[in-house]
Peer 1: 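For reference, the structure I am asking about is given below.
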Amino acid sequence: MKNKTIWTIPVMAVIFLLAIAPIAEAHVTVHPSESSTNAYEKYTVRIPVEKDAHTTKVELEVPDGINLISVQPMEDWDYQLKKDDNDMITSVTWTAADKGIGPNEFIEFPFIAANPSEPGEFSWKAYQTYDDGSVVEWNGAPDADEPASVTKVVKGDAVSPHGNNTAGTDTAHETADDQQTSGSGTSSWLPVILSVVAILLALISLFRKRA
C-alpha cells in the first residue's frame with residue numbers, strides 16, 4: 001500500500017500541472033499587447049473555443065481613445081459596426097454565417113485602428129457567444145477568471161500619414177507580437193517543466209535509498 005501511495009502522488013501532481021497550464025492561456029486577446037502613440041496599428045482579436053460547443057458570435061468594444069478605422073472581411077463571417085453620435089466606431093460584432101468555430105479551434109479577426117497621442121492602457125471588452133446560448137464576458141480585471149485584454153500604448157513617433165504605413169511596419173509589429181506570445185508560452189510552461197523534473201529527481205533519490 002505504501003509503494004502505491006509513493007507512485008500515486010507524483011503521477012497525480014504531474015497530470016494536474018499539465019492540465020491547468022493550457023487553460024490559463026485560453027482567453028480572448030487583442031494583439032499586439034503593446035503599441036505606440038499616434039500609430040495606425042493593425043490589431044488582431046484572437047478567439048479560442050474553450051467549451052464543447054461552437055462560437056457563433058463575438059462582440060468587441062473599442063476602448064475610449066482608440067479610433068477603429070477598418071475591419072478585414074472574413075470568409076463565413078459577417079460583421080456589424082456600432083457607432084456613436086460622432087460617427088466613431090464603438091464596437092464590432094462578428095457573426096458566423098455557418099456553424100462558427102468548434103471545440104479546440106480558434107479564429108483571428110484583424111482590424112486597423114489609430115492610437116491616441118497620449119500613452120496609456122486600454123481594455124478591450126469582448127463577449128463570446130456559443131451555440132448553446134451561453135455568453136462568456138471577457139471584461140474583468142487582469143487577475144479575473146475572464147479578464148479583458150489590455151493594450152499598453154507607449155510614447156512613440158509623431159503621427160504618420162496613411163500612405164506611409166508600409167507592410168514592413170505591420171510585419172514588424174506582428175513579428176514582435178509573435179515573439180512576445182512565444183516568450184509568454186515558454187514562461188507559462190517553465191514551472192510545469194521544473195515541477196516534473198523535481199518529481200523525477202525525488203523518485204530517483206527514493207529508489208536509490210531503497211536499493
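Basis for what follows: all heavy atoms, side chains included, without hydrogens, waters or symmetry-related copies.
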Peer 1: Can you tell if the side chain of Val154 reaches within under 4.5 Å of the side chain of Pro119, non-hydrogen atoms only?
Peer 2: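 SC-SC contact between Val154 and Pro119 ruled out.
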
Peer 1: Indicate yes or no: at least one non-hydrogen side-chain atom of Val153 is less than 4.5 angstrom from one of Thr37.
Peer 2: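 Contact flag for Val153/Thr37 side chains = yes.
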
Peer 1: Just wondering, do Thr151 and Tyr43 contact through their side chains at under 4.5 Å, heavy atoms?
Peer 2: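 Side-chain contact under 4.5 Å: yes.
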
Peer 1: Assess the pair Trp124 and Phe109: is the distance between their ring centroids shorter than 6.0 Å?
Peer 2: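 Between Trp124 and Phe109, the centre distance exceeds or equals 6.0 Å.
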
Peer 1: Measure the shortest side-chain to side-chain distance between Ser91 and Lys83 over non-hydrogen atoms and say whether it is less than 4.5 angstrom.
Peer 2: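 No; the side chains remain at least 4.5 Å from each other.
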
Peer 1: Quick check: does any side chain N or O of Asp98 sit under 3.5 Å from a backbone N or O of Asp76, one acting as donor and the other as acceptor?
Peer 2: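 It does not hold such a pair.
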
Peer 1: Hey, is the main chain of Ser36 close enough, under 3.5 Å, to the side chain of Asn115 for a donor-acceptor pair?
Peer 2: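 Yes, the answer is positive, given that a donor and an acceptor are paired below the 3.5 Å cut-off.
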
Peer 1: Determine whether Ser149 and His27 make a side-chain contact, defined as any pair of heavy atoms from C-beta on separated by less than 4.5 Å.
Peer 2: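 Side-chain contact under 4.5 Å: no.
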
Peer 1: Whether the Gln128 and Thr55 side chains hold a donor-acceptor pair (N or O, under 3.5 Å, no angle test) is what I'd like checked.
Peer 2: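 On atom types as modelled, these side chains qualify, holding a pair under 3.5 Å.
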
Peer 1: Would Val30 end up clustered with Leu81 when hydrophobic side chains under 4.5 Å apart are linked, directly or stepwise?
Peer 2: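 In one cluster: yes.
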
Peer 1: Could you walk me through whether Phe111 and Val92 pass side-chain contact (heavy atoms from CB on, under 4.5 Å), step by step?
Peer 2: CA-CA 10 Å; Phe111 58 92; Val92 186; over 6 Å; no

Peer 1: With side-chain contact (heavy atoms from CB on, under 4.5 Å) as the test, would you mind laying out the steps for Trp77 and Ile101 before giving the verdict?
Peer 2: CA-CA 10 Å; Trp77 288 82; Ile101 51 175; 4.2 Å; yes

Peer 1: Is Val28 reachable from Val150 through a run of I, L, V, M, F, W or Y residues, each pair having side-chain heavy atoms under 4.5 Å apart?
Peer 2: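 No, Val150 does not connect to Val28 through the hydrophobic network.
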
Peer 1: So, the side chain of Asn86 versus the backbone of Met88: is there a donor-acceptor pair under 3.5 Å, distance only?
Peer 2: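 No; judged by distance alone, with no hydrogens or angles, the pair does not exist.
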
Peer 1: Heavy atoms, side chains only, cut-off 4.5 Å: are Tyr127 and Thr93 in contact?
Peer 2: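 Contact flag for Tyr127/Thr93 side chains = no.
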
Peer 1: Evaluate salt bridge (Lys or Arg N to Asp or Glu O under 4.0 Å) for Glu121 paired with Lys152, printing each intermediate quantity in order.
Peer 2: CA-CA 4 Å; Glu121 293 188 356; Lys152 183 178 181 181; 5.1 Å; no

